[in-house]
Each structure stands twice: as C-alpha cells, then as structure tokens.
2 protein chains.
Amino acid sequence: MDDLDSFGPGHIGSYQAERRARSRPLPVHPKGIRRRREILDRSLEVFAERGVDGTSLRAIGEAIGVSHAALRNYFASREELLVELLLERDVRSEASREEAESVFGHLTNTAEANSEIAGIVALYTVMMGNAIQQAEGDAREYFTERFELNRADLSSRLEEELSTHGLTATEDLGDVAALIMAAFDGLQVQWLLDDRVDITRILKLLERLLLASARPADAAPGQSV
Amino acid sequence: MDDLDSFGPGHIGSYQAERRARSRPLPVHPKGIRRRREILDRSLEVFAERGVDGTSLRAIGEAIGVSHAALRNYFASREELLVELLLERDVRSEASREEAESVFGHLTNTAEANSEIAGIVALYTVMMGNAIQQAEGDAREYFTERFELNRADLSSRLEEELSTHGLTATEDLGDVAALIMAAFDGLQVQWLLDDRVDITRILKLLERLLLASARPADAAPGQSV
DNA sequence: GTCTATACAGGGATAGAC
DNA sequence: GTCTATCCCTGTATAGAC
C-alpha cells in the first residue's frame, strides 16, 4: 500500500546487522518502543508537510513536543533516522512483492502505489543524492547494499520467470537487472519534476523490449523471438 | 572532453533567459570576468577535493583568497553557482554531441568521458536530489527544463536516425527518450556507488533492445525486425 | 564595481545537569 | 530519558570602505 522503491531487498543484508550494531540500541521498554515509533511516524508527517529539507530534528521534536536532543536517544543522527524510514518502506515493499504475479507486475504496482505518496519518493531520491556525496555514511551504505542485493535478486527472479515461460535470456541478466533498476529510479525523478511522465507505461515498454529479446529455451542461439 | 550529462540541451531554452534576468548581471570589465571564471574553476576543484557538501561558499572563497561574501557579487546564491557549473557542462556536451555519429554513440562517449571525472557526475546527481525537494528554485527549474528539452530533442533525433536506416519505430519515441534518459541517470548513480557497474555496456544492451523493436519502414505493422 | 566585516537565523552535534 | 546550554558550521543579508 505504499513505498516507492525499486523492489525491496530480498533479504535484509549484512549491512543491516552492522548498522544495528553501530546505532542506538533498540528500546526494550514499552514506553521507549512507543517513542521510537512516534518519532518515525511524525517524521513522515513533517516532511509530507514541509518537504525533506524542512524536516530538521528540531521540527520533528517540535511536532512531538520534545527537544531535538531527545531524538538522539533513539537515532544516532538525522541521517540514520531517515535511512530507517527507507528501510521500513523496503520491508513493506517486500511483503507486496511476494503477492505480485511477476517481476514487472511488482514494479508497476509499486510505481502506482508511489504515485499516491510523492513524499517518500522524494525522500528516496534526496537520500540517493546525499548518499553519493559521502565517502561513508548510513545513506551511502544503504544504497550501495540495496543496489547490490537488488541486482542479484532481480537477476535471479528474471531467470526464473523466463524459464517458467519456456524462454532463455539472450542478454546478461545482471546487466538487465541494473538497467531495470536504473530506469525505475530515473523515471521516478522525471515524474517528480513532471507528472506527465507515465512511469507505468514506460516500464511496460521496457518489459516488451526485454521479452522480445528472449528466445525459446530449445532454440539455437541466434534466432530470437 | 568532459561532462556527465545525458545529452546537453539542443538549444538553451527559455529558462536560461529568465534565469539570466533574475540573477546577478554578468560582469563587463576584464577583472570581473576573470573573477567570475576563477570562482567557477575553483569551485570545481574544491568539490573534487572535498565533495559537494564540503563545497561551501566559505571554502570556495578561501581557495581563491577572498571572503565568501565576495562570491555573491557574481552569483545570487550558492545554488545558482552550482547550476551554472551544470549549464557550462551542458554547453560542452552539446559541442561533443554534434561530432558524435549517432544518438547512442554520443551517450557512450559521454559515459566514458564521465568516468574520468566523477566529481561533476556527483554534482549532477546531488543537484538532482536538491531539485526535487524544492517547490521552486534554480536547480528545480534547471532539471525540469532540461528533462523536457532532452525528451523532445532525443525523440526527434531517434526518429531521424531510424529513418536514415530505413526503419520505423514501433514504440512511442517520447517514451523511449524518457526511458533512455532515465536509464542513463540511474546507471550513473549505481556506478557512483559501485564502479563495477559498466554504464557503456548496459547502454549498448538497451540500444540492441531498441533496434530490435524497430521494423523496416515499408513493412506492415506487426512484423518486427 | 569590488570587496571586507559583521550580523543573523538555522542546522546538527554534544556535554552535563536533573 | 529528557532537558538546557553551547559549539561550530552553514547560507544569506547589509553596511560601508576603497
């Protein structure tokens, strides 16, 4: 019912574990757990209203009624808080992926769900920009690991799906996965700046192109379609 | 010999004119002209060394030996300065585009040139993130207009190129243009985070897919390749 | 025209009191 | 766990020297 991502990570990934070790310990008492949830929920509300750059720790704290310093009992930094929001969305996206009938089915579902919540798409894109301007940092690690996992996952799911239809790929599926992910992310940016860009329609175009390039599994290489 | 962009704008665009009217007047005296150039050049050096977010006005001023306030005689804001760098790169890219033999030839040329100057690619991507988190602003206008112009330009160049080879498109070329641009930008992000992602190779994959979808201009619709 | 000096509002991060 | 107070950084703005 939400999220923007290009496919949630198939599994959570080693980065997750490392990050957990580095960051604030998860609260164990009910009050702490509620507080942490409240911070995450309010953060989403605040940047839905004021944009990503308007979402300062002070603004979030103000929305809850605590000082900005209090937030840092739960999140070591503002960046960590925002990455946590992206991770939560990945988990939900992963759930919806398991219901989807095909790779591109999930992609277009995601694109359509995203169109209703531009806020999180914007957060994703802004964080992507933040990620690459750092030598290290939570956002950079998040995206690096995410891309790597998704390339591998998507690649194997594509292979599986092709063989189900009695097809064999004529192109490197790792490259195809990178291409699909790049197209998805790039189209989201264009859509954010101009909503006439129809992500779903263009993804279906890409799907047609890729399907046409596959060949029957029993045919000799060279004769496509 | 440089730049990252996905195709410089075919023409400069109305935004350019409006922006000029809004910003600081261009210097007319030799000293001012030299100073403005120096600021732009040093800016590139500074964020090559310290990253985009390390490129504060104070850092640039320090590299030149002037106060940060002096920079604002030439650029109304930090954002305007950075957008100016992107515009300069577009102009140079446009020149190289005219030498390229084909649409994808220019794209792969650009990708290869970019691989030597990760700095400007990072600037482009970071500014893209900045652009979408603003309701208005120089960066947002730059990217909105850039994408719109490039979709139109690329679309018409693709049509031209297909007809040169006696081919007709079976897909909407506006959508194809958006797809190519999205793939290019998205691949750049992935490459910035993991240089094992081979932009050129994947762009060639996309080119193959698109070429295979075209059909002879005299053939009836339905029979592809 | 060009530049310095200075002030301001806002950001994230941090130390230490309670 | 939360606070206040503080630090240092940022972009922006203005006044006035030369």
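In what follows, chains carry the letters A, B, and so on, assigned in the order in which the sequence lines appear, proteins first and then strands, with residues in each chain numbered from 1.
Considering only the side chain of A:Val66, D:dT2 comes nearest among D:dT2, C:dT2, D:dT10. Set against D:dT2, C:dA5, D:dT10, the side chain of B:Ala69 has C:dA5 as its closest nucleotide. Closest to the side chain of A:Leu57, from the set C:dG1, D:dC3, C:dA13, is C:dA13.
Salt-bridge check for A:Arg36 with A:Glu84: passed, with a basic side-chain N closer than 4.0 Å to an acidic carboxylate O. In this structure, A:Arg196 pairs ionically with B:Glu148, as a charged nitrogen and a carboxylate oxygen lie closer than 4.0 Å. By the 4.0 Å N-to-carboxylate-O rule, A:Glu160 lies too far from A:Arg157 to be salt-bridged with it.
Phosphate proximity of C:dC3 to B:Tyr74: present, with a side-chain N or O under 4.0 Å from OP1 or OP2.
A side-chain donor-acceptor contact under 3.5 Å links A:Ser115 to the backbone of A:Glu112.
If you take CD1 of B:Ile64 and C1' of C:dT2, they are 13 Å apart, rounded to a whole angstrom. Whole-Å rounding puts the A:Ile60 CD1 to C:dG11 C1' distance at 12 Å. Across the protein-nucleic acid pair, A:Lys31 atom NZ and D:dG1 atom C1' stand 7 Å apart, rounded to whole Å. For the pair A:Asp138 CG and C:dG12 P, the computed distance is 15 Å after rounding to whole Å. Going from atom CD of B:Glu80 over to atom P of D:dG11 covers 15 Å, rounded to whole Å. To the nearest angstrom, P of D:dT12 lies 14 Å from CG of B:Asn73. What separates CD of A:Glu62 from C1' of D:dC3 is a distance of 16 Å, to the nearest Å. Note: NE2 (B:His29) to C1' (C:dC3) measures 15 Å, nearest angstrom.
Both B:Ala59 and B:Ala76 lie close to DNA chain D; mapped to their nearest nucleotides by heavy-atom distance, the more 5′-ward contact belongs to B:Ala59. Taking the nucleotide of DNA chain C with the nearest heavy atom to each of A:Asp53 and B:Ala70, the more 5' of the two is matched to B:Ala70. Nearer the 5' end of DNA chain C, as judged by each residue's closest nucleotide, is the contact made by B:Val28, out of B:Val28 and A:Ser77.
For D:dT12, its base sits under 3.5 Å from the side chain of B:His68 at one donor and acceptor pair at least. For B:Arg58 against D:dG11, a side-chain-to-base donor-acceptor contact under 3.5 Å is present.
Within 4.0 Å of A:Ser67, counting heavy atoms only, lies at least one base atom of the nucleic acid. Residue B:Arg72 is in base contact, counting any heavy-atom pair closer than 4.0 Å across all strands shown. Counting non-hydrogen atoms under 4.0 angstrom, A:Phe75 reaches nothing in the nucleic acid.
For B:Tyr124 and B:Phe143, the distance between ring centers is under 6.0 angstrom.
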